[in-house]
Number of protein chains: 2
Amino acid sequence: MRAVDRVIERLRDRFGRRLSTAAAVREQHGRDESWHPPAPPDAVVFARSTEEVAAVVAACAEHRVPLIPFGAGTSLEGHVAALHGGICLDLAGLDRILAVHAEDLDAVVEAGVTRRRLNEHLRDTGLFFPVDPGADATLGGMAATAASGTNAVRYGTMRENVLALTVVLPDGSVVRTGTRARKSAAGYDLTRLMVGSEGTLGVITELTLRLHGIPEAVSAAVCPYPSVRAAVDTVILTIQSGIPVARIELMDETSMEAVNRYARLDHAVAPTLFFEFHGSPVEVEEQARRVGEIAAELGAGAFRWATRSEERNRLWRARHDAYYALKALRPGGTGWATDVCVPISRLAECIEETRRDLEGLPMPVGLLGHVGDGNFHLAFIVDPDDPAELAQVKAVNERLVARALAMEGTCTGEHGIGHGKLEALRAEHGDLLPAMAAIKRALDPHGIMNPGKVVPA
Amino acid sequence: MRAVDRVIERLRDRFGRRLSTAAAVREQHGRDESWHPPAPPDAVVFARSTEEVAAVVAACAEHRVPLIPFGAGTSLEGHVAALHGGICLDLAGLDRILAVHAEDLDAVVEAGVTRRRLNEHLRDTGLFFPVDPGADATLGGMAATAASGTNAVRYGTMRENVLALTVVLPDGSVVRTGTRARKSAAGYDLTRLMVGSEGTLGVITELTLRLHGIPEAVSAAVCPYPSVRAAVDTVILTIQSGIPVARIELMDETSMEAVNRYARLDHAVAPTLFFEFHGSPVEVEEQARRVGEIAAELGAGAFRWATRSEERNRLWRARHDAYYALKALRPGGTGWATDVCVPISRLAECIEETRRDLEGLPMPVGLLGHVGDGNFHLAFIVDPDDPAELAQVKAVNERLVARALAMEGTCTGEHGIGHGKLEALRAEHGDLLPAMAAIKRALDPHGIMNPGKVVPA
């Protein structure tokens with residue numbers, strides 16, 4: 001009997017119908033939203049509490065069986081692929097919002113709560129959780145992958161917005177990495193070590209999150225530009241001027257055309273910036289005025305403004321739909337998203353060189369970016385069954401990563417490593433890999449936690 | 001021949017007069033600014049480059065000799081005490097500002113550069129580095145101890161303001177933990193693991209730091225209150241209203257009286273809040289108006305305003321001098337500073353219970369706080385040679401830490417563990433200590449890096 005079958009047998013006693021070995025369930029849990037080929041686990045366990053997670057981890061530890069935590073499956077580098085089989089631990093059932101401390105601007109939630117659900121729950125408190133990676137990911141998954149997104153330029157990423165975690169370590173012990181204090185210097189920062197560790201050092205089961213006040217006034221705008229360079233220069237001057245813009249996003253012509261078609265919108269087909277300003281009415285007006293001046297100097301077109309909530313949602317829908325709109329350009333196609341992030345002074349150069357490198361490629365490709373942070377994505381719409389196409393995109397991505405590293409940037413601003421960026425991680429942090437591997441061995445000596453990701457054995 | 005003597009012999013060849021075994025030099029390097037008894041190292045090496053640091057670490061690693069990194073010696077929990085002898089590595093000679101990238105809002109500095117020197121260097125760029133722990137510490141030391149201070153409520157602590165570090169690991173290898181990108185999801189976050197590791201996991205030799213624009217307008221104010229409770233309630237409402245105050249600091253009556261005497265000032269002897277507002281002129285006016293309304297409702301006295309730079313400096317001098325002013329109340333006395341941090345909703349209660357616990361103590365004690373973060377200090381002025389006094393303060397501090405933990409806070413907001421808070425760390429994070437110790441062993445298997453601190457062998 002295989003070790004994994006022994007674990008399945010043992011867990012079936014406890015979990016009954018919440019353990020599945022059905023092919024459809026396993027396949028769904030072996031894939032994320034990327035082009036990476038799926039790798040199904042041997043079984044999926046649907047846990048409902050930290051205690052249940054600890055029991056599953058302990059069983060896997062005893063039998064040296066791989067364990068892969070699973071949130072919403074919206075990662076983009078094959079994070080949940082069961083490369084060595086084993087047990088997938090579906091955490092969506094850890095779905096309780098345990099506490100909202102409005103007076104302290106924090107909330108305690110279980111790992112399976114999604115960001116949208118938390119924000120719906122918070123609506124009447126005047127608070128919100130700002131990290132927004134686009135997908136309605138689980139908050140545990142967002143912490144595990146160090147997610148960020150459109151609001152990060154103002155509110156930070158998961159690193160800055162997680163105060164503490166409850167984690168089941170690879171030996172089955174349950175620890176809490178912090179308190180509800182806003183800051184602490186009490187020993188090694190295991191909160192930040194767990195954020196971005198992609199399930200390779202433990203299973204996050206609870207999070208204490210920073211909340212922020214819903215601003216008194218919010219104003220959003222869309223503005224077309226004569227060139228990507230002019231749009232990016234607006235971003236650079238805005239950030240350098242210290243204007244506390246809440247969101248500043250770039251979409252290129254292909255992306256704008258795709259969303260126009262997908263959502264029946266009528267935006268100009270041009271490099272376009274999406275802005276959002278948060279503050280008191282006076283502050284928002286001031287920020288908008290200052291950005292408007294910068295944009296005008298750089299030859300921007302007319303701002304299309306939205307202040308009421310519905311108008312803003314309609315306006316931002318274009319940005320949020322972009323990935324799906326691009327996919328719709330090629331029915332049956334799959335997205336391959338790149339993710340470099342560079343110092344903002346190099347951003348225009350990096351984007352221009354990259355766009356030149358795309359000339360002649362046969363597939364649709366759109367550019368989208370959290371440009372206030374220097375982070376941008378290309379979304380290639382590929383045929384995952386065409387090796388020649390995949391090889392073309394792989395080569396472009398390798399050149400893109402090399403370009404970003406040469407500009408003192410990173411291979412991944414927010415998507416993480418999974419198993420899709422192992423080579424890129426080696427290129428960026430070859431000197432650090434021995435220390436990362438030593439930490440991995442120290443906390444997970446049997447290598448059971450999401451093996452093959454970040455630091456393969 | 002002792003192992004440490006072999007290392008000294010070997011290093012003397014390379015460092016010549018930059019290695020000292022003189023008693024005065026050793027004693028000065030075995031003490032910080034706290035009441036903890038000094039513990040001199042066997043020798044002090046004055047390094048000038050990462051390469052020299054790597055050579056010293058390699059020599060200590062080969063002979064299993066303790067190594068203690070030393071910045072400005074301004075820590076408060078015995079961080080630099082050579083508890084097991086060994087080599088103290090003085091990093092003040094790593095004093096080059098390597099690059100200022102004004103357009104990217106970052107700077108690259110060597111570890112021995114102090115925060116004041118960096119800010120003087122930046123003056124003409126319109127940028128500044130905000131983290132301000134009071135003392136003119138080295139930036140390497142500030143990263144090693146996760147320093148924060150008065151500006152943290154708006155600009156964050158060292159955790160949020162370090163983009164990347166160059167670190168000499170305990171085996172003598174040199175690594176770089178990040179890039180100049182504003183965010184990254186590339187593997188384990190070793191930057192944040194090193195921040196706050198207090199020299200127990202490696203020696204920080206270079207830092208890439210986030211800079212911020214000097215605000216167009218700055219306005220500061222001092223305001224007396226009828227009670228500590230009313231002052232703290234102002235803080236709570238200010239933070240909960242999302243007003244982006246840059247500084248909000250509390251001093252109690254004893255501290256105000258001490259600074260009046262020390263610096264010949266004429267502030268009201270009352271619980272007092274110090275405010276600072278940053279932004280455009282319009283924003284600053286708006287923030288000040290909103291805080292003024294809150295304060296008036298809570299019965300605050302008159303605001304004393306300062307907008308010009310010199311006036312502001314004079315006003316803030318009272319806050320910055322407080323620790324020395326309190327020490328001056330008792331010539332020959334030494335400061336013992338506590339450092340709890342609690343959720344802001346518990347802050348008034350925590351402070352009030354703590355003040356009751358001080359009644360009847362024989363020594364001067366002032367209260368100071370970075371109250372916007374829920375962090376406050378008591379400064380006891382003790383006779384370090386009087387065991388009975390030390391025992392009294394120790395008991396008060398133990399009750400204070402227990403009180404903070406019961407309120408979901410931390411034993412240390414910013415001073416760190418050193419060897420003075422080992423018991424408190426155990427009380428707060430007993431469940432986490434095995435994981436911290438495993439990481440320590442993984443990176444420093446021979447236990448040479450600042451032994452006896454944070455996670456003793």
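In what follows, chains carry the letters A, B, and so on, assigned in the order in which the sequence lines appear, proteins first and then strands, with residues in each chain numbered from 1. The basis for the numbers below is simple: all heavy atoms, side chains too, and nothing from hydrogens, waters or symmetry mates.
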Enquirer: Output the distance between atom CD1 (B/Ile439) and atom CG (A/Leu193), rounded to the nearest 0.5 Å.
Expert: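 B/Ile439 atom CD1 to A/Leu193 atom CG measures 5.0 Å (nearest 0.5 Å).
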
Enquirer: Give the member of B/Gly372, B/Gly416, B/Gly413 that has the highest number of heavy-atom pairs under 4.5 Å with chain A.
Expert: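 So the answer, after comparing B/Gly372, B/Gly416, B/Gly413, is B/Gly413.
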
Enquirer: For B/Glu414, is it the side chain, the backbone, both, or neither that has a heavy atom closer than 4.5 Å to a heavy atom of chain A?
Expert: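 Both the backbone and the side chain of B/Glu414 come within 4.5 Å of chain A.
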
Enquirer: Relative to chain A, which segment of B/Ile417 carries a heavy atom at a distance below 4.5 Å: side chain, backbone, both, or neither?
Expert: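 Its backbone and side chain both get close to chain A.
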
Enquirer: With a cut-off of 6.0 Å (strictly less than), are more than 12 heavy atoms of other residues, nucleotides or ligands near CZ of B/Arg289?
Expert: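 Enclosed.
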
Enquirer: Donor-acceptor check, side chain of A/Arg159 to backbone of B/Glu160, threshold 3.5 angstrom: yes or no?
Expert: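 It does not hold such a pair.
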
Enquirer: So which heavy atom on A/Ala442 is nearest to which on B/Ala438, and how close?
Expert: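 Between these two residues, the closest heavy atoms are CB-O, 3.5 Å.
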
Enquirer: Give, as side chain, backbone, both or neither, the part of B/Ile239 having an atom under 4.5 angstrom from any heavy atom of chain A.
Expert: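 Both backbone and side chain.
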
Enquirer: At a heavy-atom distance under 4.5 Å, which candidate from B/Cys341, B/Gly242, B/Gly126 has the highest pair count against chain A?
Expert: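 Highest number of heavy-atom pairs under 4.5 Å: B/Cys341.
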
Enquirer: Could you tell me if the side chain of A/Arg182 sits less than 4.5 Å from the side chain of B/His370, heavy atoms only?
Expert: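 Answer no - side chains too far apart.
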
Enquirer: Of the backbone (N, CA, C, O) and the side chain (C-beta and beyond), which part of A/Ser173 lies under 4.5 Å from a heavy atom of chain B, both, or neither?
Expert: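 Looking at A/Ser173, nothing touches chain B.
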
Enquirer: Most heavy-atom pairs under 4.5 angstrom with chain B, which of A/Cys411, A/Ala146, A/Ser148?
Expert: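 Ranked by heavy-atom pairs under 4.5 Å with chain B, first place is A/Ser148.
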
Enquirer: Taking it one step at a time, do B/Thr157 and A/Lys183 satisfy side-chain hydrogen bond (donor to acceptor under 3.5 Å, both in side chains)?
Expert: CA-CA 8 Å; B/Thr157 72; A/Lys183 65 181 192 182; over 6 Å; no

Enquirer: What heavy-atom pair brings A/Val454 and B/Gly187 nearest, and what distance separates the two atoms?
Expert: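 That would be CG1-CA, 3.9 Å.
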
Enquirer: Measure distances from B/Ser241 to the heavy atoms of chain A and classify the residue's part below 4.5 Å as side chain, backbone, both or neither.
Expert: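 For B/Ser241, neither part sits under 4.5 Å from chain A.
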
Enquirer: Look at A/Val340, A/Leu443, A/Val342 and state which one has the largest set of heavy-atom pairs under 4.5 Å with chain B.
Expert: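 So the answer, after comparing A/Val340, A/Leu443, A/Val342, is A/Leu443.
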
Enquirer: Between OG of B/Ser280 and CD of A/Gln287, what distance do you get to the nearest 0.5 Å?
Expert: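 Going from the OG atom of B/Ser280 to the CD atom of A/Gln287 covers 8.5 Å.
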
Enquirer: Give me the one residue out of B/Val195, B/Thr200, B/Leu433 that meets side-chain contact (heavy atoms from CB on, under 4.5 Å) with A/Tyr188.
Expert: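 With A/Tyr188 as partner, side-chain contact (heavy atoms from CB on, under 4.5 Å) holds for just one option, B/Thr200.
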
Enquirer: May I ask you to test the B/Glu103-A/Ile344 pair for a side-chain heavy-atom distance under 4.5 Å?
Expert: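 No, too far: nothing below the 4.5 Å cut-off.
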
Enquirer: Tell me the closest heavy-atom pair linking A/Ala186 and B/Thr410, and the distance in Å.
Expert: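 So the minimum-distance heavy-atom pair works out to CB-OG1, 3.8 Å.
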
Enquirer: So which of B/Arg176, B/His415, B/Lys453, B/Met158 has the largest heavy-atom pair count under 4.5 angstrom toward chain A?
Expert: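 Heavy-atom pairs under 4.5 Å are most numerous for B/Arg176.
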
Enquirer: Can you say whether B/Asp373 sits under 4.5 Å from chain A via the side chain, the backbone, both, or neither, judging by heavy atoms?
Expert: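 Interface part for B/Asp373: both.
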
Enquirer: Shortest non-hydrogen contact from A/Gly409 to B/Thr179?
Expert: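 Of all heavy-atom pairs spanning A/Gly409 and B/Thr179, the closest is O-CG2, 3.2 Å.
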
Enquirer: Among B/Leu201, B/Asn375, B/Leu347, B/Leu425, which residue forms the greatest number of heavy-atom pairs with chain A at distances under 4.5 Å?
Expert: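 The option with the most such pairs is B/Leu201.
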
Enquirer: Within a reach of under 6.0 Å around CD of A/Glu216, are more than 12 heavy atoms found that belong to other residues, nucleotides or ligands?
Expert: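 Yes, enclosed.
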
Enquirer: If we define contacts as heavy-atom pairs under 4.5 Å, which of A/Ile236, A/Leu169, A/Thr177, A/Asp339 has the most with chain B?
Expert: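 Between A/Ile236, A/Leu169, A/Thr177, A/Asp339, the count favours A/Thr177.
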
Enquirer: Starting at CZ of A/Arg192, measure out to CZ of B/Arg192 and round the result to the nearest 0.5 Å.
Expert: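 So the CZ of A/Arg192 and the CZ of B/Arg192 are separated by 8.5 Å.
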
Enquirer: Heavy-atom pairs under 4.5 Å with chain B - which of A/Gly213, A/Gly196, A/Ser184 has more of them than the others?
Expert: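 That would be A/Ser184.
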
Enquirer: Could you grab the distance from atom NE2 of A/His101 to atom CD of B/Glu408, nearest 0.5 Å is fine?
Expert: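 Nearest 0.5 Å value for the NE2-CD distance: 5.5 Å.
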
Enquirer: Among the options A/Ala435, A/Gly156, A/Pro343, A/Ala181, pick out the one with the most heavy-atom pairs lying under 4.5 Å from chain B.
Expert: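 That would be A/Pro343.
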
Enquirer: Ignoring hydrogens, what is the shortest heavy-atom contact between A/Gln240 and B/Asp104? Give both atom names and the distance.
Expert: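 Answer, listing the atom of A/Gln240 first, then B/Asp104: NE2-N, 4.4 Å.
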
